Protein chains: 2
Amino acid sequence: MLSSISKCVTLGVVSTDSVTSSRGGGKLRTARERAREEITNEITAVARRQLAEVGASALSLRSVAREVGMVSSAVYRYFPSRDELLTQLIIDAYRSVGDAARTAVEAAVQHDLRARWQAVAGAVRAWALANPHEFGLIFGTPVPGYRAPVDTVDPAAAVPTALLQILVDSLARGGRVAWRDRPVPPVLHAELTELRAGLSGVLHGSELLDDGALTQGLMAWTQLIGMISFELFGHLHNVIADHDVYFTHQIGNIAIDLGLAE
Amino acid sequence: MLSSISKCVTLGVVSTDSVTSSRGGGKLRTARERAREEITNEITAVARRQLAEVGASALSLRSVAREVGMVSSAVYRYFPSRDELLTQLIIDAYRSVGDAARTAVEAAVQHDLRARWQAVAGAVRAWALANPHEFGLIFGTPVPGYRAPVDTVDPAAAVPTALLQILVDSLARGGRVAWRDRPVPPVLHAELTELRAGLSGVLHGSELLDDGALTQGLMAWTQLIGMISFELFGHLHNVIADHDVYFTHQIGNIAIDLGLAE
DNA sequence: AACATTTGAGAGCAGTGCTCTTGACAATGC
DNA sequence: GCATTGTCAAGAGCACTGCTCTCAAATGTT
């Protein structure tokens, strides 16, 4: 009975499992478990490499197995389905872009809010250009039926959180957001209140985010991903040739709307 | 069986095809050509139906052939590859959303620019919600290597053109755009000049679109598609529950930026 | 009527996700 | 120490995919 549960859990997010199991036992348990974790990591690593090469739709579990050096059916000991492997890659991608954004924003001068906004925006775009297939995996058309929300929702929040933190810091020193004075319909106000409450755990001073600032922040997040999507998915073709200057300029424009500049 | 579906097809975009072919030969050419056209239309119609059901990644040429009533190899007489079929569906989707936007904007009160903007935005979103897989096909991750640009670029311009037309009409009566006074870097200015020149054919008064208005218009287009993408692809999950009010409110905010309201 | 072109069907290839069974190995209980 | 139990890699196999090739029938042209 207990074993059946451990099996079910082990099929999920493996890395956290190993942490919890090591926490429970003091050190890594059996050699079998270590081998299992190692092989699982190798599979995801190879899958990540192939994803970067051929994209999500062409990613083949058999091809991954071939490169790892085992037969396809053996992979099913570690991932119950191809979609589950893809879900793991989605989580990894969220973590990857989140790390990129966090690193960039920490490297920026903290009190220069506009620089921080440009840093996170530029980092996300640079990450997307360097890993277009991973970007498409998380922000493009959902490949499996619909992605498992429960595992992905946490790492997915990293970038928008970093973005909203800038807004909070701006509001703390009297910054004003473009749509501050526009009335928000009651239903949306209730939603935003709940959202703000949910953010209080990961955001220092989330209560400073009034409805206008929150909608403006969500819109900035939408604009950022929308612009990168347009660029990566070819919708700037025959419209804008120099994507760098276009992106930089529009990011500057958004900074104005966010009340971060001039 | 074939006739019953051909009736359905005729309601689509067949009329233009038959017009062009009749224009070329004086009247419909041989019976064989007519049959070929009819079967081609039936294939695309069935493919469109299956696309709406299972999505682009799961669309199978063999399954389409099965439903049409012929063997898979026969389909290759009409479409050289599955990607070519998808390209046709992309074109159809662009035409479809373009028609939806045009119909909506024509139904709105012409002098009420804000209403026109809300009409086109709402129409695009309504179309996307009604045809999520078609939206994902054109605005999501590119499925083939990269979509054939030359055939799709024309119908793809319909919606942004309708959007920019509103901006032009607004500027013609003294409307002001949010980022009007921000200087545009020289490289971008050159790009926007070229873009404006390219628009002069399809846009009445495109010369009124100064650099600020043009960047603002592009951004509004990005915001619109970005918001719909977020909604359809699940990125509003655990963020906003009532998508309708959220969308409406943000569209109203963008109207302010565009100088269309208050 | 004879010829040429176009079309549909079938077989087949290489590939896919996934399931099931089999035999080898390691961990555990008596 | 040995038998039991659980885990693992491998292989065969199923149903499916996109695509190519050949062949015969249908169709149009001369």
Side-chain angles (χ1 to χ4, degrees), chain A residues 1-11 14 17-18 21 25 28-43 46-47 50-51 53-89 143-145, chain B residues 1-2 25 27-43 46-47 50-51 53-89 143-145:
Chain A
M1 179 176 203
L2 207 152
S3 60
S4 70
I5 293 179
S6 74
K7 178 184 172 187
C8 172
V9 169
T10 316
L11 293 174
V14 182
D17 283 11
S18 63
S21 64
L28 287 175
R29 299 277 275 276
T30 70
R32 192 130 81 179
E33 280 190 2
R34 277 202 317 199
R36 178 174 185 82
E37 184 186 325
E38 208 164 295
I39 294 178
T40 306
N41 287 335
E42 189 180 350
I43 292 174
V46 170
Q50 292 206 5
L51 167 70
E53 260 185 18
V54 300
S57 63
L59 187 135
S60 145
L61 200 145
R62 286 179 116 114
S63 170
V64 171
R66 229 175 284 128
E67 185 173 329
V68 173
M70 52 185 180
V71 93
S72 72
S73 58
V75 179
Y76 283 86
R77 297 268 174 203
Y78 300 89
F79 291 93
S81 73
R82 194 192 94 118
D83 282 5
E84 215 66 32
L85 215 189
L86 275 180
T87 301
Q88 184 59 47
L89 295 183
V143 181
Chain B
M1 162 188 180
L2 204 150
K27 67 168 191 176
L28 285 175
R29 300 276 276 273
T30 69
R32 201 182 242 166
E33 280 190 1
R34 277 200 317 196
R36 175 170 244 287
E37 186 186 321
E38 207 164 298
I39 293 177
T40 306
N41 287 335
E42 189 181 350
I43 292 174
V46 170
Q50 293 206 4
L51 166 71
E53 260 186 20
V54 300
S57 63
L59 186 134
S60 144
L61 200 144
R62 285 179 116 114
S63 171
V64 170
R66 230 175 284 130
E67 184 172 330
V68 173
M70 51 186 182
V71 92
S72 72
S73 60
V75 178
Y76 283 86
R77 299 273 178 203
Y78 300 89
F79 291 94
S81 73
R82 194 193 93 119
D83 282 5
E84 216 66 33
L85 215 188
L86 276 180
T87 301
Q88 184 58 50
L89 294 183
V143 181

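Source: prediction; values computed, not measured. The chains referred to below are lettered A, B, ... by the order of the sequence lines, with proteins before strands, and numbering in each begins at 1.
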Nearest-Å distance for atom pair [atom1]/[atom2], residues [X] and [N]:
{"X": "B:Arg77", "N": "D:dA26", "atom1": "CZ", "atom2": "C1'", "result": "13 Å"}
{"X": "B:Glu33", "N": "D:dA26", "atom1": "CD", "atom2": "C1'", "result": "17 Å"}
{"X": "A:Ile43", "N": "D:dC8", "atom1": "CD1", "atom2": "P", "result": "11 Å"}

Once rounded to the nearest 0.5 Å, what's the spacing between atom [atom1] of [X] and atom [atom2] of [Y]?
{"X": "A:Thr40", "Y": "A:Glu33", "atom1": "OG1", "atom2": "CD", "result": "11.0 Å"}
{"X": "B:Glu37", "Y": "B:Tyr78", "atom1": "CD", "atom2": "OH", "result": "11.5 Å"}
{"X": "A:Ile43", "Y": "A:Leu61", "atom1": "CD1", "atom2": "CG", "result": "8.0 Å"}
{"X": "B:Arg66", "Y": "B:Ser72", "atom1": "CZ", "atom2": "OG", "result": "8.5 Å"}
{"X": "B:Ile39", "Y": "B:Arg77", "atom1": "CD1", "atom2": "CZ", "result": "12.0 Å"}
{"X": "B:Glu84", "Y": "B:Gln88", "atom1": "CD", "atom2": "CD", "result": "9.0 Å"}

| query | Of the nucleotides D:dC19, D:dT22, D:dA10, which one has an atom closest to the side chain of B:Tyr76? | reply |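 Nearest to the side-chain atoms of B:Tyr76, counting from C-beta on, is D:dC19.
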How would you label the contact of [X] with the nucleic acid (heavy atoms, under 4.0 Å): base, sugar-phosphate, or nothing?
{"X": "B:Ser72", "result": "base"}
{"X": "A:Ile39", "result": "sugar-phosphate"}
{"X": "B:Phe79", "result": "nothing"}
{"X": "B:Arg82", "result": "sugar-phosphate"}

| Residue pair B:Gln50 / B:Ser60: nearest heavy atoms and the distance that separates them |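 Here B:Gln50 and B:Ser60 meet closest at OE1-O, 4.3 Å.
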| field | Heavy-atom closest contact (B:Arg82 atom, B:Ala56 atom, distance) | value |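 Looking at all heavy atoms of both residues, the shortest contact is NH1-O, 3.6 Å.
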| query | Below 4.0 angstrom from OP1 or OP2 of D:dC8, is there any side-chain N or O of A:Arg36? | reply |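 It does, given that an N or O in the side chain of A:Arg36 lies less than 4.0 Å from OP1 or OP2 of D:dC8.
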| query | Considering only heavy atoms from C-beta outward, does the side chain of B:Leu59 approach that of B:Leu89 to under 4.5 Å? | reply |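 Side-chain contact under 4.5 Å: yes.
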| said: Reading DNA chain C from 5' to 3', where do the contacts with chain A start and stop? Cut-off is 4.0 Å to heavy atoms. | reply: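 Nucleotide range in contact with chain A: C:dT16 to C:dA26.
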| query | Which ones in residues 59-68 of chain A lie close to DNA chain C, meaning a heavy atom under 4.0 Å from one of its atoms? | reply |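 DNA chain C contact set from residues 59-68 of chain A: A:Leu59, A:Ser60, A:Leu61, A:Arg62, A:Arg66.
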